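Positions are given from 1 along the sequence. As the structure is a prediction and not an experimental result, all values here were calculated from the model.
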Amino acid sequence: MVDFLSEVQDCVPSLRRYARVLTRNADAADDLVQDCLERAISRRLLWRRKGSLRAWLFTIMHNVHANQVRYRAVRPLTVGLDDVTTESVTPADQGVGLTLRDLVVSLERLPEEQRQAVLLVALEGMSYAEIAQVTDVPIGTVMSRLARGREALRGMMDGETRPNLRRVR
């Protein structure tokens with residue numbers, strides 16, 4: 001049990017980064033990580049020691065997030081006016097700041113599947129096999145999503161007004 005918890009603890013920073021990207025909200029990301037860890041710890045007997053714990057945790061987070069997205073589609077989140085805060089922000093270096101802003105906007109315009117593939121490779125350094133395991137799709141699908149996502153990002157960053165994206169089911 002101690003080894004399991006210490007291994008889980010080592011994965012928390014990666015889980016938090018990915019959760020922040022998925023939710024685009026620090027508080028929601030913390031809640032998502034907490035839900036993921038609670039589910040993993042309560043079901044620790046289901047983890048097969050020969051597999052990757054990191055991939056197993058990312059799979060749990062992916063599934064929890066997908067369930068939350070489906071739930072919010074049926075029951076939209078409401079926020080009270082008292083909960084809204086305004087924060088002052090110090091502007092960053094203009095060139096880097098604008099490029100980063102364009103990248104974030106471009107990432108948000110990607111379909112969810114492509115965005116996940118790009119971010120799992122770019123932020124987490126996951127292999128295609130790990131991403132396939134986390135998202136429960138074949139490796140070829142991961143490679144396709146990643147290629148299409150990268151191409152769309154290149155086009156958007158080069159100034160194309162709309163991405164050349166299509167959704168295939």
Side-chain angles (χ1 to χ4, degrees), residues 1-77 79 83 85 87 89 92 96 99-101 103-154 169:
M1 173 73 176
V2 174
D3 292 335
F4 176 81
L5 291 179
S6 64
E7 287 183 51
V8 168
Q9 187 176 10
D10 292 342
C11 296
V12 170
S14 296
L15 291 170
R16 290 191 78 217
R17 277 192 305 270
Y18 186 52
R20 295 271 318 247
V21 170
L22 284 176
T23 62
R24 299 181 194 107
N25 178 297
D27 294 331
D30 289 341
D31 291 343
L32 180 59
V33 171
Q34 182 175 346
D35 291 344
C36 171
L37 294 175
E38 182 274 327
R39 189 167 292 185
I41 292 170
S42 69
R43 292 166 177 83
R44 67 185 169 275
L45 297 177
L46 298 176
W47 176 57
R48 297 182 189 110
R49 291 213 169 263
K50 60 184 172 186
S52 166
L53 178 63
R54 183 172 181 242
W56 186 65
L57 291 170
F58 271 81
T59 301
I60 291 172
M61 179 176 286
H62 174 79
N63 292 337
V64 168
H65 177 67
N67 290 341
Q68 289 175 351
V69 168
R70 281 192 294 271
Y71 181 82
R72 280 193 302 271
V74 176
R75 293 179 186 90
L77 178 67
V79 178
D83 296 333
T85 61
E87 299 176 9
V89 178
V96 174
T99 302
L100 183 59
R101 183 202 63 194
L103 179 61
V104 169
V105 168
S106 297
L107 277 168
E108 289 176 0
R109 291 175 59 194
L110 287 177
E112 183 73 19
E113 297 86 9
Q114 291 177 14
R115 183 172 56 249
Q116 285 177 350
V118 168
L119 293 173
L120 286 173
V121 167
L123 283 180
E124 299 304 326
M126 287 185 148
S127 69
Y128 295 163
E130 288 176 317
I131 297 170
Q133 183 181 0
V134 167
T135 58
D136 195 29
V137 297
I139 291 177
T141 303
V142 170
M143 293 168 63
S144 175
R145 288 176 180 175
L146 186 58
R148 285 185 279 129
R150 286 175 172 165
E151 184 61 34
L153 279 175
R154 265 188 229 103
R169 289 200 178 229

(message) Assess, by modelled atom type and distance only, whether the side chains of D31 and Q68 contain a donor and an acceptor separated by less than 3.5 Å.
(response) no

(message) Quick one: does any side-chain atom of R44 pair with a main-chain N or O of I41 as donor and acceptor, under 3.5 Å?
(response) yes

(message) One pair to check against side-chain contact (heavy atoms from CB on, under 4.5 Å): E130 and F58. What are the steps and the verdict?
(response) CA-CA 9 Å; E130 288 176 317; F58 271 81; over 6 Å; no

(message) We want to know whether S106 and R109 form a side-chain donor-acceptor pair, criterion being a heavy-atom distance below 3.5 angstrom.
(response) no

(message) Test your reading of the model: is there a side-chain donor-acceptor pair from T59 to the backbone of A55, 3.5 Å cut-off?
(response) yes

(request) Measure the spacing between CZ of R150 and CZ of R145 and express it to the nearest 0.5 Å. (result) 15.0 Å

(message) Donor-acceptor check, side chain of Q114 to backbone of P111, threshold 3.5 angstrom: yes or no?
(response) no

(message) Pairing donors with acceptors under 3.5 angstrom, does anything connect the side chains of Q116 and E112?
(response) yes

(message) Please report the interatomic distance CG(N67) to CZ(R39), rounded to the nearest 0.5 Å.
(response) 6.5 Å

(request) For the residue pair L15 and L37, establish whether any side-chain heavy-atom pair is separated by less than 4.5 Å. (result) yes

(request) Please name the pair of heavy atoms, one in L153 and one in V118, separated by the smallest distance, quoted to 0.1 Å. (result) CD1-CG1, 3.9 Å

(message) Nearest 0.5 Å, please: how far is OH in Y71 from CZ in R75?
(response) 4.5 Å

(message) A side-chain contact here means heavy atoms from C-beta on lying under 4.5 Å apart; do R54 and E124 qualify?
(response) yes

(request) Answer yes or no: are there more than 12 heavy-atom neighbours, outside E38 itself, under 6.0 Å from its atom CD? (result) yes

(message) Quick check: closest heavy atoms across N25 and D27, and the distance to 0.1 Å?
(response) OD1-N, 2.8 Å

(request) Report the distance from atom CD of E7 to atom CH2 of W56, rounding to the nearest 0.5 Å. (result) 11.0 Å

(message) Just verifying a value: how many Å separate L32 CG and Y18 OH, rounded to the nearest 0.5 Å?
(response) 9.5 Å

(message) Give me the atom names and distance for the closest heavy-atom approach of V33 to A19.
(response) CG2-CB, 3.7 Å

(message) Taking L110's backbone N and O only, do any of them form a donor-acceptor pair with R115's side chain (distance below 3.5 Å, no angle check)?
(response) yes

(message) For the CG atom on D30, are there more than 12 heavy atoms of other groups (residues, nucleotides or ligands in this structure) within a distance under 6.0 Å?
(response) yes

(message) Return the OG to CE distance between S14 and M61, rounded to the nearest 0.5 Å.
(response) 9.5 Å

(message) With a sphere of 6.0 Å drawn around CD of E108, does it hold more than 12 non-hydrogen atoms of other residues, nucleotides or ligands?
(response) yes

(message) If the threshold is 4.0 Å, N to carboxylate O, is there a salt bridge linking E151 and R154?
(response) yes

(message) Can you tell me if R17 has over 12 outside heavy atoms packed within less than 6.0 Å of its CZ?
(response) yes

(request) May I ask you to test the V137-I131 pair for a side-chain heavy-atom distance under 4.5 Å? (result) no

(message) Which heavy atom of L57 sits nearest to which heavy atom of A40, and what is that distance?
(response) CD2-CB, 3.4 Å

